[in-house]
Novice: 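Next up is a structure, given as structure tokens.
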Amino acid sequence: MTVIRTTMSRYLTFIMGVTALSAGGGAFAAEQPSQSSLSQKPNVVIFYVDDLGYGDISPNGAIGVSTPNLDALASKGVSFTDAHSTASTCTPSRYSLLTGEHGFRQNAAILPGDAPALIRPGKATLPSMLQKAGYTTGVIGKWHLGLGDGSVDWNQDVKPGPLEIGFNYSFLLPATGDRVPTVYLEDHKVVNLERSDPIEVSYDHKVGDRPTGVEHPELLRMKADLQHSETIVNGISRIGSMSGGESALWVDEEFPDVFSEKAVDFIEKSKKDPFFLFFSFQDIHVPRIPNERFKGKSTMGPRGDAIAQMDWVVGRVMQELKIQGVADNTLVIFTSDNGPVLDDGYDDMAVEMLGEHTPAGPFRGGKYSVFEGGTRVPMIVYWPNKSAHIRSNALISQVDIYASLAGLVNQPLAKKEAIDSLDVMKALLGQTSSARTYLLEESAGTVALRKNNWKYIKAISKEKGLPNWLGNKDIEMGFELTPQLFDLTDDISEQTNRAKEYPVLVNAMEEKIQQLIEKGFRYSQ
């Protein structure tokens, strides 16, 4: 592959990072002089992990896996106990973070690999707002927000995409690791594609002659369910059918090095001006195929090893901020797109090897669920000499990152821009424990409203119920036709439905949901 830089200096830096991880210390521990500590606008790095649960990291009690680089972040910054993605699935959460509005406003749902761009050119976005403030912006990693106009020719320029909505640079997995096309997309072009071997992708019929998991299960390194048993690439069957592009195919085990080195390049090239890096992980989403050097780093098999791999990548990027002298003026936000899932289509022993580890911590549910485990995710914020060193109970939503950063860089928001986003920067930096009063949690077929520690759950698809494909996820979804009300003050695991005891509160919460949907959070406080 030509996507990884292999100069001697990069090699030495890489080896230093691996050595630090193996020794159990943070890979960004060595201090370097800062060249930009007097800058008025901080660089911003958002680490957005996939399917990482609240309890999946050491600062939140992980068992069987160590995350030393996140330990280092948490020990210096603000570690949140009540921070949330907007939804319990990835596409609407990513949409919300980048637009400052809830995914239901664009009917955001889990997208197929050939879906058109969900965020259309001209839509105000977090990167476009930061561009106006003088930032260079980049996205690296999983995208899964759609590309093009609905009929993508992967052999030509693929657009619209990130560059059309505010990013100066992009290096992507076009959809997810378990979906075709299994290639990298840099800016508008597939990396290493040869014209003589064009790519074709279909999600409704087989194309080409690559074997599938259904036809040739003996070729698989890891068994998969029927949904994930189409085209085999790198010994793993995927969702969807793909032909061509042999020279452009990714190797799953190379993800940590490919993506971290692209981040290193971006930081080095962008350091003279303020920059925004949205580092969007494939880890720990399925298929979990960690690099060989991380195998056995946990007691939980591939899922735990993928957590260790994710932590190393965080350390590698943090280390580069030090090397380039910009760490002291960089605001770092680490979080996840939704709660955890164990069996999500591949037989990787995630359930059997779990041990005493609790991926969602003390919370009920997980990915896809309306219970707290679906959206209550790990979140750490660190800005040297600016953020407090505390554990915060502030009620935080990722949708608020937009308005908070806009306030920080003095960018006024238009009337219809980021309508669900609130400026909670003081809470993000640990300067106050007060953030939101109300928070919406989206999931399949349901929506929940938090008011401080009260939580109301209502079904929004009473006639349809839940999709059939959720039936094998072994997660409590929280879908009930009758109202549910929980007091999280003394019932954090949502066991006692108190809706019948507090009918007035249920009605008030119902009315508030409608108000927030109609007006948005910025106009409903």
Side-chain angles (χ1 to χ4, degrees), residues 26 45-90 93-94 96-97 141-142 278-285 298 300 303-304 306-315 317-318 331-342 354 357-367 369 371-383 387-401 424 427-430 435 439 441 450 492:
V45 175
I46 297 178
F47 292 111
Y48 207 49
V49 190
D50 201 312
D51 293 353
L52 185 74
Y54 178 89
D56 276 330
I57 64 175
S58 299
N60 291 347
I63 298 174
V65 65
S66 177
T67 56
N69 292 296
L70 297 181
D71 292 349
L73 273 183
S75 69
K76 298 177 181 179
V78 187
S79 183
F80 290 90
T81 65
D82 205 358
H84 294 255
S85 58
T86 60
S88 60
T89 51
C90 59
S93 292
R94 292 161 193 275
S96 297
L97 189 150
K142 171 183 170 178
F278 181 47
F279 193 103
S280 180
F281 284 80
Q282 157 66 19
D283 285 330
I284 57 173
H285 193 281
S298 79
M300 294 183 287
R303 186 177 184 275
I307 293 173
Q309 176 173 279
M310 172 276 299
D311 180 77
W312 178 87
V313 172
V314 171
V317 176
M318 293 298 296
L331 170 62
V332 176
I333 300 173
F334 172 92
T335 190
S336 174
D337 65 350
N338 49 246
V341 59
L342 297 178
L354 186 63
H357 178 72
T358 54
F363 306 111
R364 190 177 180 184
K367 183 178 181 179
S369 171
F371 291 126
E372 287 294 281
T375 67
R376 196 183 293 215
V377 292
M379 186 171 186
I380 303 169
V381 176
Y382 176 52
W383 185 5
S387 58
H389 307 160
I390 63 170
R391 198 159 174 84
S392 173
N393 296 324
L395 183 60
I396 297 286
S397 173
Q398 292 171 2
V399 76
D400 296 331
I401 292 173
V424 296
L428 290 175
L429 296 179
L439 178 143
E441 301 170 79
R450 284 279 304 276
I492 199 67

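Here the structure is a predicted model, which is why all the values come from computation and not from measurement.
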Novice: Over all heavy atoms of both residues, which pair between L395 and A435 is shortest? Give the atoms and the distance, please.
Specialist: O-CB, 3.2 Å
Novice: Would you say that V49 contacts F334 through its side chain, given a criterion of any heavy-atom pair below 4.5 Å between the two side chains?
Specialist: yes
Novice: Evaluate the side-chain proximity of Y54 to T81: yes if any heavy-atom separation is below 4.5 Å, no if none is.
Specialist: yes
Novice: How long is the span from the CD1 atom in I46 to the CG atom in L97, to the nearest 0.5 Å?
Specialist: 5.0 Å
Novice: Could you please spell out the steps behind the side-chain contact (heavy atoms from CB on, under 4.5 Å) verdict for D337 and D50?
Specialist: CA-CA 6 Å; D337 65 350; D50 201 312; 3.4 Å; yes
Novice: Got L52 and F47 here, is their nearest side-chain heavy-atom distance under 4.5 Å?
Specialist: no
Novice: Determine yes or no for a side-chain-to-main-chain donor-acceptor pair under 3.5 angstrom, with S369 supplying the side chain and G374 the backbone.
Specialist: no
Novice: Between Q398 and Y48, is any pair of side-chain heavy atoms under 4.5 Å apart?
Specialist: yes
Novice: Taking S93 for the side chain and A87 for the main chain, is one N or O donor matched with an acceptor at less than 3.5 Å?
Specialist: yes
Novice: Taking side chain as C-beta onward, heavy atoms only, is V381 less than 4.5 Å from F80?
Specialist: yes
Novice: Going through the checks in order, is the side-chain contact (heavy atoms from CB on, under 4.5 Å) test met by V313 and M310?
Specialist: CA-CA 5 Å; V313 172; M310 172 276 299; 5.8 Å; no
Novice: Taking atom CZ of R94 and atom OG1 of T89, what is their separation to the nearest 0.5 Å?
Specialist: 10.5 Å
Novice: What is the distance from atom CD of Q309 to atom CD of Q282, rounded to the nearest 0.5 Å?
Specialist: 10.0 Å
Novice: Just by modelled atom types, is the A62 backbone N or O under 3.5 Å from a matching donor or acceptor in the H357 side chain?
Specialist: no
Novice: Any donor-acceptor pair under 3.5 Å linking the side-chain atoms of N338 with those of S85?
Specialist: no
Novice: Quick one: pull up CG in L70 and CD1 in I57 and give me the separation to the nearest 0.5 Å.
Specialist: 5.5 Å
Novice: S336 side chain to P378 main-chain N or O, any donor-acceptor pair under 3.5 Å?
Specialist: no
Novice: Indicate yes or no for a side-chain donor-acceptor contact from T375 to the backbone of H84 under 3.5 Å, with no hydrogens or angles considered.
Specialist: no
Novice: How many angstroms lie between CD1 in I390 and CG in L429, if you round to the nearest 0.5 Å?
Specialist: 10.0 Å
Novice: Assess whether a salt bridge exists between D51 and R303, defined as any Lys/Arg side-chain N lying under 4.0 Å from an Asp/Glu carboxylate O.
Specialist: no
Novice: side-chain contact (heavy atoms from CB on, under 4.5 Å) between I492 and R376: does it pass, once the steps are laid out?
Specialist: CA-CA 11 Å; I492 199 67; R376 196 183 293 215; 3.8 Å; yes
Novice: Could you tell me which non-hydrogen atom of S79 sits nearest to which non-hydrogen atom of R391, and how far apart they are?
Specialist: OG-NH1, 3.1 Å
Novice: Assess, by modelled atom type and distance only, whether the side chains of N69 and D311 contain a donor and an acceptor separated by less than 3.5 Å.
Specialist: yes
Novice: With a 4.5 Å heavy-atom cut-off, do I380 and K76 have their side chains touching?
Specialist: no
Novice: Tell me, do P340 and D56 make a side-chain contact under 4.5 Å, heavy atoms counted?
Specialist: yes
Novice: Find out whether L354 and P359 are in side-chain contact, i.e. whether some heavy atom of one side chain is under 4.5 Å from a heavy atom of the other.
Specialist: yes
Novice: Hey, mind stepping through K142 and C90 against side-chain contact (heavy atoms from CB on, under 4.5 Å) and telling me if it holds?
Specialist: CA-CA 10 Å; K142 171 183 170 178; C90 59; 3.5 Å; yes
Novice: Is there a donor-acceptor pair closer than 3.5 Å between any side-chain N or O of S88 and the backbone N or O of K367?
Specialist: no
Novice: If you compare all heavy atoms of G430 against all heavy atoms of A388, which two are closest, and at what distance to 0.1 Å?
Specialist: O-CB, 3.7 Å
Novice: Where do D82 and N393 come nearest, in terms of heavy atoms and distance?
Specialist: CB-O, 3.9 Å
